[in-house]
Every structure is written in C-alpha cells, then in structure tokens.
Amino acid sequence: KQEVTQIPAALSVPEGENLVLNCSFTDSAIYNLQWFRQDPGKGLTSLLLIQSSQREQTSGRLNASLDKSSGRSTLYIAASQPGDSATYLCASRWGKFQFGAGTQVVVTP
Amino acid sequence: DAGVIQSPRHEVTEMGQEVTLRCKPISGHNSLFWYRQTMMRGLELLIYFNNNVPIDDSGMPEDRFSAKMPNASFSTLKIQPSEPRDSAVYFCASSLGSGTGNTIYFGEGSWLTVV
C-alpha cells in the first residue's frame, strides 16, 4: 500500500522567506505527483502536477521537484507572502490518489 | 466549466437519519472519487469510480455507507443510519482518466454534522 508522508506538519516563517515543503512516498511506481493548497473551510486547489517522467514543474513562485528513485517530492515557494498561509498537501497517483496529511503553513507579516 | 459541484454544502442531521450527498463531476471526466476529511484522520479515500464502475471501495468504513454512480454526470454517497462519528467534510473529486498528466479536481465539500 502506498504511504505518503509530509514533514513538517506545521511551519511558520516571516514574510519574504522561501518555503520548502517535503513529501515522501513509499512506492515509486506512481503515475504522477500533485501538490494542492487548502484554505480553511475550503476544498483543495491544485497547484502543480508532475508526471512520472518529469523531474520538476514551475508556476510563478512555485517550483516542485520529483525524485522517484528516492520517493521524494519538494515544493518550493519563493519569497513567501501572508497570502501563502494555508495547508499544503501532496498526493501520489497510481490508479487512485493517496494523500499526505499536509503541512500547515503560516507566513507572518 | 462549472467545476465539481456538490450538494448540500452543509447538513446537520440527527443520529439515525439517512444522509445523501450528491456530486456532479466535471463534464467529460470519467474518474470520480469520494473522500472524507477529518482532523484526526486527514483525507481518506472512500471509493472511486472509473467509467461509472466502482473500482475500489476498500475505504468505505462499513455497511452503513454506500455509493452509486448511475451515469457519467451524477454520483451519490449515502449514509444510513448516520452516527455522530460520521461528522466530517465529504469531498467529491473528478479526473479525466488515469493518465499521468491528469489533474484531480475537487468540489467545495459537503460539511456534515451528525448530532
């Protein structure tokens, strides 16, 4: 069974700092790895999707990398802003999606 | 596109009552997922359908839970009888097939409270 782990569970940084969020998975036979953002009381919004054949994806201040051999993905958020405060979840797909527990991020002004 | 549409958005019901949650996936998507989210257990996959056929229901907690997908544009998740421990946010999500480039899209969730 695929296990997805996110460390740390919570993170607080001052505005302007770069954020590094980690995601690890146990089975490297994945179709893709996806990062989501969830605001309190809301659903999940997709941020980036990395296909199994790719090493990274970028969108604006966000960059996600994928290393299947080590079972890891990292989400980088450059120059964090208070509006980046949310919970970030990663999910690996190998048929169905398996989610990590998320990292709760607080960016202080 | 309107996105994944769920109803009701909020429901408060008494223990023992039947609860039916509804979902309309994004048009053209052929994979549909039901998730449950709680503080204690995070996001759990309950069941997923591919081309209206249930593929994996191993996450359905017990016989009180049932899910159907009578056609490509509609799915229901039913809890009968409901219990206080069923209180959670239930998300429906859809995806275009199982290809490597296919993103999963979530609805806004149905917030269920069983008292």
Side-chain angles (χ1 to χ4, degrees), chain A residues 1-10 23-25 27-57 59 62 64 66 68 73 75 86-104, chain B residues 1-7 9-10 21 23 25-26 29-51 53-60 67 88-111 113:
Chain A
K1 179 188 174 185
Q2 177 77 277
E3 300 284 343
V4 179
T5 305
Q6 291 187 249
I7 295 173
C23 172
S24 62
F25 46 94
D27 189 340
S28 62
I30 60 173
Y31 294 171
N32 61 48
L33 192 292
Q34 197 164 350
W35 283 92
F36 296 84
R37 168 184 174 138
Q38 186 176 27
D39 293 290
K42 300 290 187 181
L44 281 71
T45 301
S46 178
L47 297 173
L48 290 168
L49 180 147
I50 312 173
Q51 299 186 41
S52 61
S53 59
Q54 297 175 323
R55 298 281 297 189
E56 67 176 346
Q57 278 288 335
S59 176
L62 277 59
L66 176 64
K68 286 175 52 180
S73 177
L75 177 66
T87 298
Y88 293 83
L89 298 95
C90 67
S92 65
R93 184 172 197 181
W94 80 115
K96 57 187 179 183
F97 289 86
Q98 185 69 41
F99 281 81
T103 295
Q104 187 174 11
Chain B
D1 201 311
V4 177
I5 299 172
Q6 293 187 244
S7 64
R9 288 296 315 280
H10 299 271
L21 308 178
C23 175
I26 292 174
H29 283 191
N30 60 354
S31 292
L32 183 138
F33 308 81
W34 282 101
Y35 285 90
R36 177 172 69 176
Q37 188 176 42
T38 61
M39 289 291 292
M40 292 296 295
R41 301 173 68 91
L43 202 59
E44 303 173 278
L45 177 65
L46 300 177
I47 185 170
Y48 89 96
F49 295 85
N50 197 46
N51 294 322
V53 176
I55 301 300
D56 186 344
D57 64 356
S58 59
M60 295 287 263
V89 185
Y90 290 82
F91 287 106
C92 177
S94 71
S95 174
L96 180 61
S98 59
T100 60
N102 294 324
T103 301
I104 182 172
Y105 296 88
F106 279 76
E108 290 291 297
S110 291
W111 300 72
T113 302

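Residue numbers begin at 1 in each chain, while the letters A, B, ... track the order of the sequences. Hydrogens, waters and symmetry mates are skipped; everything else that's a heavy atom, side chains included, is used.
At a 4.5 Å heavy-atom cutoff, Ser110(B) makes no contact with chain A through either its backbone or its side chain. Ile104(B) touches chain A through backbone and side chain together, each having a heavy atom under 4.5 Å away. Within the 4.5 angstrom heavy-atom criterion, no atom of Glu44(B) approaches chain A. With a 4.5 angstrom heavy-atom cutoff, Gln38(A) touches chain B only via side-chain atoms. Using a 4.5 Å cut-off between heavy atoms, Tyr35(B) touches chain A through its side chain atoms alone.
Applying the side-chain hydrogen bond (donor to acceptor under 3.5 Å, both in side chains) test to Thr38(B) and every residue at least two apart in sequence or in another chain returns nothing. Take Gln98(A) and apply the side-chain hydrogen bond (donor to acceptor under 3.5 Å, both in side chains) test, not counting sequence neighbours, and it matches no residue.
To the nearest 0.5 Å, atoms OG (Ser31(B)) and CD1 (Ile26(B)) are separated by 12.0 Å.
Between the side chain of Gln6(A) and the backbone N or O of Tyr88(A), at least one donor-acceptor pair lies under 3.5 Å.
More than 12 non-hydrogen atoms from other residues, nucleotides or ligands lie less than 6.0 angstrom from CZ of Arg9(B).
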